Amino acid sequence: MIRLAMGIAAVVAMTGAAAAQSDLVKRGSYLVNTILTCGNCHTPKGPDGRDIKERAFSGFLEFDEPPWKVTASNITPDKETGIGKWTRAQIRTALTEGKRPNGVPLAAIMPSAFYKIFTRRDLDAVVAYVRSVKPIKNKVPDPVYRINVPHQTPPGAEKPFREADLRNPVKRGFYLVTIGHCMECHTPLTPKGRDYVNGLGKGGFELKGPWGVSVSRNITSHKEKGIGAWTDEEIIRAITQGVRKDGTKLKPPMGYSYYAGMTNADLRAIVAYLRTVPPKE
């Protein structure tokens, strides 16, 4: 009887562990495929601009800029060309510190500095999910670094959030906007880096690509220059559909199709936070 009881306990424990892992993968899938927009850079696109699902996360977008020439990495579990040999701890380090296992840094285009705020559960969830996707063999070019550009952490994102923080809508919105690295594009870039102190959310950053040139807009609470006069629904429509207040279409590369998969509660938390961003002209 003792052995039977021990066997049942072991099965229950294994079932519980499997269920917990499954929940982590589900949470990771939600984050990676919505607010984090990982596929926007790491998943190859077809001629119509849509993701090629069968090659998801195998590396794609090239960034050839003064500081570097880098290609978004293969983050599938392929052991030769992806991250299949990386441990969970090494993936966590890459995400939050911008360091590969071999010591070569990730270019600051990878928003590792924004991921320091991850709750431990969400960080583990992202790791669990990327380890669960289909491994795809695809060798991307090695990075070329011309100028050392440090990873810049925005104010308030220097350390992990607690799960309790996420129960507050404004704090939850700040958390989501941060891990979504929204302010990376929506804050002006100066010779010394992003001006988070004086220009947070002010916009004006140019993004070049197949779409031409996009200029990030002002997403502060300014009534005329920003989105202070927009309704909650208009802001959510812009985020999820790429449609301005006046009904005209916004250009890529903002990941509208990814954000469309977010829960209503998360979208409204983002709006609640954006309402608190000081107005800038």
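Fair warning: this is a prediction, and the values are worked out from it, not measured in the lab. All values below come from the heavy atoms of this structure, side chains included, with hydrogens, waters and symmetry mates left out. Start at 1 with the first residue, then count along the sequence.
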Thr37/His181 under side-chain contact (heavy atoms from CB on, under 4.5 Å): CA gap, chis, key distance, verdict: CA-CA 10 Å; Thr37 64; His181 48 95; 4.2 Å; yes
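Follow the hydrophobic side-chain contacts under 4.5 Å out from Val133 and you never reach Ile136; the two are in separate clusters. Linking Ile, Leu, Val, Met, Phe, Trp and Tyr whenever their side-chain heavy atoms come within less than 4.5 Å puts Leu200 and Phe114 in one cluster. The cluster map of Ile, Leu, Val, Met, Phe, Trp and Tyr, joined by side-chain heavy atoms under 4.5 Å apart, puts Phe118 and Met262 in the same cluster. Linking Ile, Leu, Val, Met, Phe, Trp and Tyr residues whenever their side-chain heavy atoms come within less than 4.5 Å leaves Trp230 and Val243 in two separate clusters. If you chain together hydrophobic residues whose side chains sit under 4.5 Å apart, Leu207 and Leu189 fall into the same group.
Asn74 places a side-chain N or O within 3.5 Å of a backbone atom of Asn138 that can act as its donor or acceptor partner.
Between Leu95 and the options Leu36, Val130, Leu123, Leu106, a side-chain contact (heavy atoms from CB on, under 4.5 Å) holds for only Leu123. Of the listed residues (Glu224, Glu234, Glu233), just one forms a salt bridge (charged side-chain N to carboxylate O under 4.0 Å, His left out) with Lys245, and that residue is Glu234. Partner of Tyr175 under the side-chain hydrogen bond (donor to acceptor under 3.5 Å, both in side chains) criterion, chosen from Asp122, Asn168, Asp266, Asp165: Asp122.
Thr153 and Glu158 share no donor-acceptor pair across their side chains, judged by distance under 3.5 Å alone. Side chain to side chain, Asp78 and Thr76 fail the donor-acceptor criterion of an N or O pair below 3.5 Å.
For the pair Val277 and Ile219, the minimum side-chain heavy-atom distance is 4.5 Å or more.
With a 6.0 Å cutoff to the six-membered ring centre and a 45° limit on the axis angle, Arg55 does not count as a cation-pi contact of Phe60.
Rounding to the nearest 0.5 angstrom, the gap separating the NE2 atom in His151 from the NZ atom in Lys99 is 9.5 Å.
A salt bridge links Asp124 with Arg120; the closest basic N to acidic carboxylate O contact falls under 4.0 Å.
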